[in-house]
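To start, the structure itself, in structure tokens.
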Amino acid sequence: MPALFLTSTALAQDATDLAKKLSNPIASMISVPFQFNYDSGYGPNDGDKAYVNIQPVIPFSLNDNWNIISRTILPVAWQNDIAGDSGSQFGLGDITQSLFFSPKAPGPSGIIWGAGPVFLIPTATDDLLGGEKWGAGPTGVLLKQSGPWTVGVLANHIWSFAGDGDRSSINSTFLQPFVSYTTKDAWTFALNTESTYNWEASQWSVPINFTVSKLIVLDKQPISLMAGVRYWAESPDSGPDGFGFRTAVTFLFPK
């Protein structure tokens with residue numbers, strides 16, 4: 001009985017540690033999230049959009065002191081009447097590729113940080129699924145994990161530098177402050193915003209997300225299951241409004 005108790009306790013601790021690592025956007029751990037989102041209220045026809053973000057995070061060791069973490073976001077979207085009477089589209093959106101150079105050990109006071117470039121790659125399969133522009137800029141993340149809490153912010157800025165000359169230029173700031181709480185049995189409660197400011201149009205998009213996730217292990221494979229709701233506190237006239245929702249399945253591959 002004591003051996004069984006120790007084993008179950010160790011497994012629970014491992015799950016909790018993995019759940020906390022998942023709250024760190026630049027953790028030294030491979031993770032592959034499939035994140036489903038739905039929003040409505042686009043434009044005068046109350047259009048709607050459903051999309052899956054495929055978001056692999058892959059760390060690479062540079063030396064004894066530094067990692068480089070690759071974060072990719074590839075959207076697969078279905079949408080209807082998001083630009084007036086524009087009909088339906090389905091396919092790939094534009095890829096956002098970030099690279100963070102990050103120290104392997106936390107800094108003073110337990111601060112974890114990473115910084116590097118972000119790239120926008122015009123992979124959209126339809127004109128209305130992407131901007132048809134190449135873009136680049138800086139990105140960074142700063143966070144601290146203390147006990148069950150994770151608090152931090154991720155940000156980037158993208159300028160377009162090439163692409164279809166008939167499409168609008170991209171000059172956009174992304175801000176994602178986040179806070180999460182992970183329980184001893186690997187439940188995580190998280191709150192964030194994924195705010196974007198369009199400098200060309202002088203417009204904010206501010207969704208507020210609340211999610212609940214649970215880390216489980218199936219046949220030795222750690223998996224995080226997540227569900228949550230979103231409220232659009234601010235968006236352009238052509239953007240979504242009201243409430244949306246999000247679910248996700250994340251496969252973890254710890255070292």
Indicate yes or no: at least one non-hydrogen side-chain atom of Leu154 is less than 4.5 angstrom from one of Phe174. yes
Partner set under side-chain contact (heavy atoms from CB on, under 4.5 Å) for Ser28, not counting sequence neighbours: Pro59, Asn67, Lys255
My understanding is that only residues two or more places apart in sequence, or in another chain, count here; which of them pass salt bridge (charged side-chain N to carboxylate O under 4.0 Å, His left out) with Glu200? none
Set of residues satisfying side chain to side chain donor-acceptor pair (under 3.5 Å) with respect to Asn192, sequence neighbours excluded: Asn209
Can you name the residues that form a side-chain contact (heavy atoms from CB on, under 4.5 Å) with Thr193, not counting sequence neighbours? Pro177, Ser195, Ile208
Of all pairs that satisfy side chain to side chain donor-acceptor pair (under 3.5 Å), the ones with a partner from residues 117-137, not counting sequence neighbours: Glu132-Arg167
Who passes side-chain contact (heavy atoms from CB on, under 4.5 Å) against Thr188, sequence neighbours left out? Ala19, Ser23, Ser180, Thr182, Ser213
Can the ring centres of Tyr181 and Phe189 be said to be less than 6.0 Å apart? no
Spatial distance of atom CD1 (Ile82) from atom CG (Asn45) [nearest 0.5 Å]: 11.5 Å
Can you sort out the partners of Phe60 under ring-ring contact (aromatic ring centres under 6.0 Å, His included), two or more places apart, ordered by chain and number? none
Listing, residues 97-104 side-chain donor-acceptor contacts under 3.5 Å, not counting sequence neighbours, or none:
from	atom 1	to	atom 2	distance (Å)
Gln97	OE1	Thr72	OG1	2.5
Gln97	NE2	Ser70	OG	2.9
Gln97	NE2	Arg71	O	3.4
Ser102	OG	Trp113	O	2.7
Lys104	NZ	Ser61	OG	2.6
Lys104	NZ	Asn63	O	2.6

Which residues end up grouped with Phe243 if you chain together Ile, Leu, Val, Met, Phe, Trp and Tyr wherever their side-chain heavy atoms are less than 4.5 Å apart? Tyr231
Could you go through residues 74-81 and list every donor-acceptor pair under 3.5 Å that involves a side-chain atom there, pairing it with any protein atom two or more places apart or in another chain?
from	atom 1	to	atom 2	distance (Å)
Gln79	NE2	Gln89	OE1	3.1
Gln79	NE2	Leu128	O	2.8
Asn80	OD1	Ser88	OG	2.7
Asp81	OD1	Ser86	N	3.2
Asp81	OD1	Gly87	N	2.9

Other residues, nucleotides and ligands only: do more than 12 of their heavy atoms fall within 6.0 Å of NZ on Lys21? no
Using the side-chain hydrogen bond (donor to acceptor under 3.5 Å, both in side chains) rule, pick out the option among Trp199, Tyr197, Trp204 that qualifies with Thr173. Trp199
Which residue pairs pass the salt bridge (Lys or Arg N to Asp or Glu O under 4.0 Å) test with at least one member in residues 224-238, sequence neighbours excluded? Asp39-Arg230
Just jot down the side-chain contact (heavy atoms from CB on, under 4.5 Å) partners of Pro138, sequence neighbours excluded, or say none. His157, Trp159
If you group Ile, Leu, Val, Met, Phe, Trp and Tyr by side-chain heavy-atom gaps below 4.5 Å, do Leu175 and Val141 land in one group? no
